[in-house]
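Worksheet: one structure, shown below.
Along the sequence shown, residues carry numbers from 1. We count ligands from 1, going down the list as the structure has it; atoms in each ligand are counted the same way.
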Amino acid sequence: MDRIVVLGHKDHGKSTLIGQLLIQTNSVFESRIAEAKRASKRLGKKFEPAFLLDSFSEERAYGLTLDTTRAELKYKGAAYEFIDVPGHKELIQNMITGASYADSAILVVSAKAGEGFKDQTRRHVFIANMLGIDFFIVAVNKLDAVGYSEQAFNKIKGEVEAYLKAVGINNFVFVPVSAYTGENLVALSKNMKWYKGKPLLEILHGRVHKKGHGHERQAVVLLHGTVEGERERFIAGRVISGKLSSKQQLLLLPENKKVTLLSLLVKGKKSRQAKKGENIAAKLSVDVKEPKGKVLASTNADISVGKKLPAKILTVSGLSSKLQINFNGVLLGCKIGKLGRKIDILTGKPYKHGKIFAAECELELSKPIVYSSFAKYPELGRFILLSDGNFSGFGIVNNRN
Ligand code: GDP
């Protein structure tokens with residue numbers, strides 16, 4: 001399953017776009033469409049495809065498992081999950097907690113008069129890129145409201161492209177769409193003959209299948225606690241890379257001790273193997289005290305232990321002198337050591353004023369932790385900053401030079 005985050009300013013058409021993609025790929029029942037039509041009518045509106053997503057929330061209230069912010073569809077044999085992230089808080093939360101391992105984004109920017117490319121959208125893009133999204137499909141939306149004008153499309157394209165380049169993003173594609181009428185989403189529209197590219201879903205399809213996965217071979221398990229069995233205690237964790245086999249030799253970090261995996265449970269059942277993404281319980285040849293934040297890894301997994309992290313941070317409010325870091329649920333005191341040049345995230349240029357900036361720095365922690373670069377193992381390379389106990393920024397661990 002490929003996951004795609006959908007970003008953009010409120011009312012620029014994110015839910016409408018997802019709703020139309022569901023309709024055009026036959027991913028929703030007719031009955032649901034009929035229901036969304038009735039809901040639109042009740043409000044005295046024309047049919048709103050966005051209501052297809054809103055109706056999920058009613059079902060959730062009855063205990064069904066659908067989530068308002070996620071929608072799945074299949075296209076040419078591949079499965080996609082779209083994640084609607086309305087604001088930066090949701091985006092940061094989603095990405096930091098590992099709720100979504102997206103590597104592509106659809107950025108929805110409305111071309112309608114008075115809408116356009118907003119500051120909030122710039123922040124969204126910057127944050128998404130820092131958290132590992134490296135491919136952006138920019139859907140310039142509501143072309144129907146501007147007479148399908150190529151000039152209107154080019155104006156937005158120019159602004160967004162200048163910003164993407166200024167902040168160092170080079171992997172992007174622009175597509176003019178009308179989410180409401182469903183044009184250039186799955187099929188090309190006759191109303192925009194000047195557009196020579198592919199429809200949005202085709203762009204996504206091409207990209208995802210070119211990339212491929214499976215580059216992480218080393219077994220790595222991030223531990224988060226213990227579970228009590230009938231007679232014994234197991235450590236619990238999540239496989240974040242590679243495959244794990246019972247009887248395997250592993251390194252326990254930060255102790256740097258060789259251990260053997262004596263038994264392995266997946267979903268509460270004995271298992272000989274576990275793979276990336278699975279939660280496990282295990283018994284080791286040694287007893288692990290306070291497993292939270294510790295790591296089991298193949299000996300050649302390239303993971304570090306230390307108190308000084310080379311990092312890139314982004315603040316969302318001023319940082320206080322009582323700074324803490326939340327690293328995979330472990331809360332530690334921290335200080336900012338060497339601080340590099342501050343960048344204004346709205347322009348990509350050196351920062352002049354305000355409290356919101358991005359910078360490279362060295363973080364000095366009160367105790368050593370197990371970490372890696374975000375590029376190598378995202379789960380071991382991202383964190384949240386707290387000032388006086390409040391969320392005040394986040395960051396990633398850079399590669400060591
Ligand atoms: P979101 O907040 O980004 O999810 O935006 P919505 O999908 O809820 O859309 C906000 C409003 O814009 C709704 O009234 C939609 O009907 C309207 N809208 C969305 N896409 C289009 C479009 O392509 N053309 C026009 N004219 N209106 C659109």
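Checked against a 3.5 angstrom limit, the closest N/O atoms of T181 and ligand 1 fall outside it. Of the N or O atoms in K45, none lie within a sub-3.5 Å distance of an N or O in ligand 1. Considering backbone and side-chain N/O atoms, A179 comes within less than 3.5 Å of an N/O atom of ligand 1. In terms of polar-atom proximity, defined here as any N/O pair under 3.5 Å, A50 makes no such contact with ligand 1. Among the atoms of S15, some N or O lies under 3.5 angstrom from an N or O of ligand 1.
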**Q.** From CA spacing to verdict: side chain to side chain contact (heavy atoms under 4.5 Å, CB included), K142, Y180
**A.** CA-CA 7 Å; K142 307 199 187 180; Y180 189 79; over 6 Å; no
Q: For side chain to side chain donor-acceptor pair (under 3.5 Å), just list the numbers for N328 and E379, CA-CA rounded to whole Å, side-chain angles, deciding distance to a tenth of an Å, and then say yes or no.
A: CA-CA 8 Å; N328 280 318; E379 291 85 348; over 6 Å; no
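For ligand 1, the atoms closer than 4.0 angstrom to any heavy atom of N141 are 20 (N), 21 (C), 22 (C), 23 (O). Residue H9 has at least one heavy-atom neighbour below 4.0 Å for each of these atoms of ligand 1: 3 (O). Near T16, meaning under 4.0 Å from any of its heavy atoms, are these atoms of ligand 1: 6 (P), 7 (O), 9 (O), 15 (C), 19 (C), 20 (N).
Annotation: cation-pi geometry not satisfied between R382 and F374 (NZ/CZ under 6.0 angstrom from ring centroid, within 45° of ring axis).
Atoms CD1 and CG, on I343 and L314 in that order, are 11.0 Å from each other to the nearest 0.5 Å. Summarising the geometry, atom CG belonging to N184 is positioned 12.0 Å from atom CG belonging to L201; distances are rounded to the nearest 0.5 Å. In this structure, L22 CG and L185 CG are separated by 11.0 Å, a value rounded to the nearest 0.5 Å.
E183 and Y148 are linked by a side-chain donor-acceptor pair at a separation below 3.5 angstrom, with hydrogens and angles left out of the test.
In terms of protein heavy-atom proximity, atom 24 (N) of ligand 1 is closest to D144 OD1, 2.7 Å. At the shortest separation from atom 27 (N) of ligand 1 among protein heavy atoms lies K142 CD, 3.8 Å. For atom 22 (C) of ligand 1, the nearest non-hydrogen atom of the protein is Y180 CB, 3.3 Å. For atom 3 (O) of ligand 1, the closest non-hydrogen atom on the protein side is K14 N, 2.8 Å.
When the heavy atoms of E183, K46, E48, H12 are ranked by distance to atom 15 (C) of ligand 1, first place goes to E48. Between atom 5 (O) of ligand 1 and the options G13, S40, G8, the minimum heavy-atom separation is to G13. Taking all heavy atoms of D11, L7, L185 into account, the minimum distance to atom 11 (C) of ligand 1 is reached by D11.
Residues passing the side chain to side chain contact (heavy atoms under 4.5 Å, CB included) test with R272 are S246, sequence neighbours excluded. Applying the ring-ring contact (aromatic ring centres under 6.0 Å, His included) criterion to F126, with sequence neighbours excluded, gives no partner residue.
The one candidate from N129, I4, I203 that meets the side chain to side chain contact (heavy atoms under 4.5 Å, CB included) condition with F135 is I203.
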